[in-house]
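Okay, so here's the structure we're looking at.
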Amino acid sequence: IFVQNSFIDLFSKCLDPNSSRKVFDEMPHRDLVTYNSMISAHAKAGDPDAARELFDGMASPDVISYNAVLDGYARAGRADEAFSVFEHMPARTVVSWTTVVSGYIKAGDLVMARMLYDRMPHRNLVSWTIMIVGYTERGLIDEASALLDRMVGVEGLRPDEVAVLSLVSACGESGVLGFGRRVHGHINNAPALRKSTRVSNALVDMYSKCGCIDEAVKVFESIPNKDTISWNVMLQGLANHGHGRQALGLFARMQDAANVLPDGVTFVGVLCACARAGLVDEGLRHFTSMQSKHGVAPK
RNA sequence: UUCAGGUUGUUUU
């Protein structure tokens with residue numbers, strides 16, 4: 001039963017709820033974890049109704065079953081339904097609260113999200129991150145800034161890698177350069193974050209999206225171990241800024257670099273750069289070599 | 001073995 005439960009979980013992580021469900025349906029005996037894993041599989045796949053249906057058939061759900069149902073509604077932006085389940089829970093954990101808050105954020109109701117957030121009996125780094133990222137995505141920088149200050153200054157919590165990745169990415173999406181620079185400051189004060197290639201990649205992308213291609217290049221060149229994503233974000237940044245030739249030059253450098261191989265995303269960037277620079281023949285050449293030389297198939 | 005935040009994508013996303 002442990003093995004089958006693990007398979008349900010594995011398929012759910014591949015966003016393949018049908019395979020999860022097949023294992024679930026064929027199991028002769030199921031336990032609580034079986035149900036919880038399957039509810040979560042439906043929730044992650046964006047099917048809160050299927051999650052709820054399974055949940056309703058359970059004789060004695062535990063808090064994880066409830067939380068998985070909340071997650072389904074939250075991901076779908078159905079915050080009010082999440083809340084009404086939440087209200088009827090016999091016991092709640094910090095995950096329950098955080099999930100409902102994220103549902104309101106997803107639904108765009110930052111006021112309700114904040115109200116619940118303020119009523120939480122306990123908050124952890126995840127709760128803080130979700131709320132701050134929620135504000136940042138909507139460009140509500142005063143609120144985001146104030147919360148970040150309180151989190152670091154009053155609570156003494158330090159953002160971890162996931163927190164800064166989410167924050168930096170949200171800054172890029174909403175184009176809030178000033179706040180992004182502040183987050184960059186926090187990163188520079190934490191050696192583990194400063195050394196992280198993933199974090200640097202997110203910064204390169206953020207500066208590009210905020211229109212600061214020079215700063216993006218500066219961060220990019222400072223990365224000692226550039227991975228495929230580092231090259232991809234820089235390439236796209238140059239292409240989006242209309243620097244098609246420089247983007248293609250970067251692609252040439254990438255091919256000489258050790259330990260990295262171009263992937264499908266790289267070629268979208270390369271072809272985009274060609275399209276924007278009007279380089280039809282060169283684009284066609286890259287499209288051909290993509291398949292013959294790099295083994296990347298068009299999708 | 002199961003629950004909340006995770007960096008790169010061409011299009012009016």
Side-chain angles (χ1 to χ4, degrees), chain A residues 1-10 12-13 20 24 30-41 43-44 51 55 61-72 74-75 82 92-103 105-106 120 123-134 136-137 159-173 193 196-206 208-209 216 219-220 223 226-237 239-240 262-276 283 287 298-299:
Chain A
I1 197 160
F2 279 25
V3 175
Q4 288 163 313
N5 287 348
S6 300
F7 270 110
I8 294 178
D9 182 49
L10 178 75
S12 86
K13 286 181 171 128
S20 294
F24 179 89
R30 307 179 184 101
D31 64 5
L32 182 60
V33 174
T34 313
Y35 275 86
N36 289 349
S37 305
M38 194 61 233
I39 292 171
S40 175
K44 282 197 194 106
F55 172 85
D62 67 359
V63 68
I64 293 186
S65 330
Y66 275 95
N67 288 345
V69 171
L70 295 181
D71 183 45
R75 277 180 204 283
R92 305 175 183 104
T93 63
V94 64
V95 176
S96 325
W97 284 89
T98 305
T99 305
V100 180
V101 167
S102 76
I105 288 173
K106 179 95 193 197
M120 288 177 71
R123 296 175 200 88
N124 59 18
L125 184 57
V126 176
S127 346
W128 284 91
T129 303
I130 286 180
M131 197 68 234
I132 297 169
V133 169
T136 307
E137 281 169 342
D160 64 2
E161 191 183 53
V162 175
V164 299
L165 286 176
S166 327
L167 259 177
V168 169
S169 149
C171 289
E173 263 178 54
L193 298 177
S196 157
T197 299
R198 280 182 294 265
V199 170
S200 297
N201 292 347
L203 286 170
V204 171
D205 188 48
M206 178 193 82
S208 298
K209 287 183 173 150
V219 176
F220 172 78
I223 304 174
K226 298 177 183 62
D227 61 14
T228 298
I229 294 182
S230 315
W231 293 93
N232 289 352
V233 287
M234 192 67 256
L235 189 67
Q236 280 156 17
N240 288 335
D263 62 10
V265 177
T266 312
F267 282 98
V268 171
V270 169
L271 295 176
C272 218
C274 293
R276 298 216 29 174
F287 184 69
K299 278 194 289 197

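Residue numbers start from 1 in every chain, and the chains themselves are labelled A, B, ... in the order their sequence lines are given, proteins ahead of strands.
Across all strands shown, A:Ile130 has heavy atoms under 4.0 Å from sugar-phosphate atoms exclusively, and none from any base. A:Glu161 comes within 4.0 angstrom of a base, heavy atoms only. Contacts of A:Arg30 with the nucleic acid, taken as non-hydrogen atoms under 4.0 Å apart, are absent. In this structure, A:Asn124 reaches the bases: a heavy-atom distance under 4.0 Å links it to at least one base atom across the strands shown. Nucleic acid contact for A:Thr129: base, since at least one base atom lies under 4.0 Å from a heavy atom of the residue. Across all strands shown, A:Val162 has heavy atoms under 4.0 Å from base atoms, whether or not it also approaches the sugar-phosphate. Among the atoms of the strands shown, base atoms are found under 4.0 Å from some heavy atom of A:Val95. Residue contacts for A:Thr99: at a heavy-atom cut-off of 4.0 Å it reaches the sugar-phosphate backbone alone, with no base atom in range.
Within the structure, a side-chain polar atom (N or O) of A:Arg75 is placed less than 4.0 Å from OP1 or OP2 of B:A4. For the pair A:Lys106 and B:A4, the criterion of a side-chain N or O lying under 4.0 Å from OP1 or OP2 is not met.
Among B:G5, B:G9, B:U8, the nucleotide with an atom closest to any side-chain atom of A:Asn232 is B:U8.
Interatomic distance, A:Ile64 CD1 to A:Ile39 CD1, rounded to the nearest 0.5 Å: 11.0 Å. To the nearest 0.5 Å, atom CG of residue A:Leu203 and atom SG of residue A:Cys171 are 9.5 Å apart. With rounding to the nearest 0.5 angstrom, the CG atom of A:Asn5 is 11.5 Å from the CE atom of A:Met38. Separation of atoms NZ (A:Lys106) and OG1 (A:Thr99) is listed at 13.5 Å; rounding is to 0.5 Å.
If you check distances only, the side chain of A:Asp160 does reach the base of B:G5 with a donor-acceptor pair under 3.5 Å.
Atom CZ in A:Arg276 sits about 11 Å away from atom P in B:U10, given to the nearest Å. The CE-C1' distance, from A:Met206 to B:U8, rounds to 15 Å in whole Å.
Remark: aromatic rings of A:Phe267 and A:Phe287 are distant, center separation not under 6.0 Å. For A:Tyr35 and A:Phe24, the ring centers sit closer than 6.0 Å to each other.
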**Fill in**
Base-pair string, RNA chain B, Watson-Crick plus G-U, cut-off 3.5 Å on both distances, | for inter-strand, is .............

